[in-house]
Amino acid sequence: MRNRVEWRDAKVAEIRQVAEDVRQISFAVDGPVPRFDPGSHSNFRVEIDGEAANRTYTVIPAPPGQIAVAVKLHPQSRGGSRYMWSLGEGQEVRLTLPENRFELSWRASHYLLLAGGIGITPIYGMARALVARGASVRVVYGARSRGLMAFAEELQALLGDQLVLRDNSAGEHIDLAAEFAALPADAECYLCGPIGMLEAAKAAWAAAGRPVSRLRYEVFGDSGLFAEKPFTVDVLNRGVTVPVRSDQSLLDALIGAGVEMISDCRRGECGLCAVRVEAKDGQIDHRDVFFSAEEKAEGHRMCACVSRLTEGHAVIDVGYRG
Ligand code: FES
C-alpha cells in the first residue's frame, strides 16, 4: 500500500467501450509505475465548468507502465465522468499513482465478490488477482441490464460457472441470503455497489451470523436512495446562503461560495468534510460509509462530499468537527 500521493503526467493511450455506458481509458504514465494491488484508486485532475478539480477512480489491470480506469458516464454527472468521457487518445492528463483503500486480505479459504453496476471495477481486478493465485473465488454481478455489464465476457472466460450474472431487467436479482448461506465458515465477502445494495448485504450478513470483519466493501459516492434535486443551505456564522445544483455536491457548492472546507477522500469514507445539520425541511440522502446507521437515522450530521438533501433547505454548521 502506498502512503504518499504522487502526481504524474500521463497521456491517453487507448479508449475502449466496455459496456453501453462504460469506457475503459488507459493512460501511458511518465516514469515507472509501481505494482499496485487490485482495489487501488488513482486521482485525476479534471476540469469542471472551467475549474480544476480532482476525481478518484478505481484502477483496473493494465500493462506495465500504464494505469487504466473504467468510467461510467453518469446521467447526473457532477462533471467528473463527463470530463473523462471527453478525453481523446494522446490527450495529456495529471493523475496519481494508485493507492489502496479496499484491500484483499489474502487469508480466506474462499472469496465471494459481489458487484452492482460500475462496482465491478475493483471486483474485476480482485477476481483476476485471486484466480492468478489459485484462490477459490465466486463473483456475483448484478446490473440494470446485460448491456450495462462491463467485463462480463472477460469474467466468464476467467471464472466459468463461478460467475453469476443477474440482469435486473429480466427480473433477476442477487440472492444475498442464499449466497451467504452457501459460504464456508472462514469465507470473506467483498462488495462494491450502490449504498442500497451495501445496506441489504450488511443486514443479510448479520442475519447469517457472520463476523463483521469478513464483509468488506466500498460504495460509489453518487449512489443515493433518491434522485438528485437542487437544495439550499444557510451556513451558520458565515452569513451565506448557498444553492446546491442537482449536478453538484454540497462540498463543491460550499467551496465555490468561498466557504473554507476540509476534505480528503471525496467518497464518503474519511468523514473530514462532515457538517452538522442544525435544521432542515428536506430529508438527508446519506451516501457515505463513514457514519453508522444510528448516526444517519439521527440526521444531525452528513458528509458534504457525497450526501445531500433530497430537496428544500437546511441550516448547517461547517465549524463542527466530531
Ligand atoms: S471528503 Fe472524505 S468523507 Fe467527504
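Each ligand, and each atom within it, is numbered from 1 in the order the structure gives. Model, not experiment: these values are computed from the prediction.
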Salt bridge (charged side-chain N to carboxylate O under 4.0 Å, His left out) partners of R16, counting only residues at least two apart: E154
Salt bridge (charged side-chain N to carboxylate O under 4.0 Å, His left out) against R94, all qualifying residues, sequence neighbours excluded: D9
Those residues that, when tested against F151, pass ring-ring contact (aromatic ring centres under 6.0 Å, His included) (two or more places apart): Y124
Near atom 4 (Fe) of ligand 1 (under 2.8 Å) - protein N, O or S atoms: C273 SG, C305 SG
Distance-only side-chain donor-acceptor flag, E218 / H41, under 3.5 Å: yes
Side-chain donor or acceptor of D281 paired with backbone N/O of H313 under 3.5 Å: yes
For the student: nearest non-hydrogen atoms of A187 and W205, plus distance: O-CH2, 4.4 Å
